[in-house]
Each structure stands twice: as C-alpha cells, then as structure tokens.
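Have a look at the structure below, then the notes.
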Amino acid sequence: MTPSPLGEVTLVPVASVKPYPGNPRKVPQKAIEQTAASIREFGWQQPLVVDQDMILVVGHTRLAAAKHLGEREVPVVIADQLTPSQVRAYRIAD
C-alpha cells in the first residue's frame with residue numbers, strides 16, 4: 001500500500017481543535033514547556049493532524065504548547081483520507 005500524500009496544511013483557531021478524549025497519554029508540563037520552546041525557536045515544522053470533526057489524531061503536546069504560548073492559530077492537516085480504523089491505529093502508533 002502506498003502512503004497517502006500530505007494533505008493541505010491550513011491555519012485554524014486553536015479553540016477549534018479538540019483533544020481526543022480517549023487519549024491515554026498524560027502530557028507532563030515539562031514536555032509542554034520544551035515543545036513550546038521548540039516552537040518559539042524553530043516555528044511550526046510539524047502540523048497537528050485532525051479528523052473531519054477537528055478532533056486531534058496526533059499532536060496533543062504541540063496543541064498544549066500552542067495554548068501555553070498563547071497562539072491564536074495552529075497549522076493542521078485534516079486526515080480525511082484515513083478510515084476510522086486507520087485513525088485509531090495512527091493515534092496508537094504516534
């Protein structure tokens with residue numbers, strides 16, 4: 001199977017991105033601060049990935065870092081080419 005190409009990266013309001021409620025990972029404050037420092041230093045080099053309902057697939061730490069920095073918008077890719085089972089698997093793998 002050939003991987004799908006990267007979808008279009010768009011800027012959306014931070015408030016429109018919803019964390020995945022079933023995310024088993026707890027993000028430590030230190031990780032948020034380190035990621036915020038990375039975003040501040042290098043900018044957004046990796047977008048968040050969301051599903052069609054704007055629920056995070058991957059990027060919970062980056063979203064928390066964006067909120068920590070007071071960002072108004074975040075870059076996202078909407079993974080609308082993935083099936084629900086692929087979204088579940090991607091959440092686990094990432």
Side-chain angles (χ1 to χ4, degrees):
M1 182 171 147
T2 303
S4 299
L6 178 67
E8 183 178 339
V9 178
T10 57
L11 289 176
V12 300
V14 170
S16 68
V17 179
K18 303 170 207 90
Y20 174 60
N23 184 19
R25 295 182 181 105
K26 302 299 176 215
V27 182
Q29 185 63 32
K30 183 170 179 84
I32 294 168
E33 292 167 2
Q34 289 172 331
T35 302
S38 175
I39 292 169
R40 196 179 306 113
E41 175 76 18
F42 306 111
W44 284 91
Q45 299 303 315
Q46 184 177 17
L48 306 175
V49 180
V50 298
D51 65 16
Q52 298 93 325
D53 298 319
M54 296 301 289
I55 298 173
L56 270 175
V57 176
V58 296
H60 286 81
T61 305
R62 288 184 305 252
L63 178 62
K67 290 177 179 179
H68 179 79
L69 290 169
E71 298 276 331
R72 293 177 186 223
E73 295 180 315
V74 289
V76 301
V77 170
I78 300 173
D80 54 5
Q81 78 284 6
L82 300 178
T83 67
S85 62
Q86 287 176 315
V87 168
R88 279 192 302 277
Y90 189 20
R91 281 186 174 122
I92 292 167
D94 194 74

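Along the sequence shown, residues are numbered consecutively beginning with 1.
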Would a distance-only check, ignoring hydrogens and angles, find a side-chain to backbone donor-acceptor pair under 3.5 Å from Asp51 to Asp53?
-> yes
Write down the atom of Pro19, the atom of Ile55, and the distance for their closest heavy-atom approach.
-> O-CG2, 4.0 Å
If you group Ile, Leu, Val, Met, Phe, Trp and Tyr whenever their side-chain heavy atoms sit less than 4.5 Å apart, what else falls in with Leu63?
-> Val12, Val14, Val17, Ile39, Trp44, Leu48, Val50, Met54, Leu56, Leu69, Val74, Val76, Ile78
Hey, are the side chains of His60 and Arg25 touching, using non-hydrogen atoms and a 4.5 Å cut-off?
-> no
Answer whether the closest heavy-atom distance between the side chains of Val57 and Gln86 falls below 4.5 Å.
-> no
What are the two closest heavy atoms between Pro28 and Lys26, and how far apart are they?
-> CD-O, 3.2 Å
So how far is it from Thr10 OG1 to Glu73 CD, rounded to the nearest 0.5 Å?
-> 9.5 Å
Heavy-atom closest contact (Ala36 atom, His68 atom, distance) | CB-CD2, 3.7 Å
Closest approach of Ala79 to Val49 (non-hydrogen atoms, all atoms of both residues) = CB-CG1, 3.7 Å
Mark yes or no for whether Arg62, through its side chain, and Pro47, through its backbone, hold a donor-acceptor pair below 3.5 Å.
-> yes
Please report the closest heavy-atom contact between Pro13 and Ser16, naming both atoms and the distance.
-> O-OG, 2.7 Å
Does atom CD of Glu8 have more than 12 heavy-atom neighbours from other groups under 6.0 Å away?
-> no
When every non-hydrogen atom of Ala31 is compared with those of Thr61, the smallest separation belongs to O-CG2, 3.8 Å
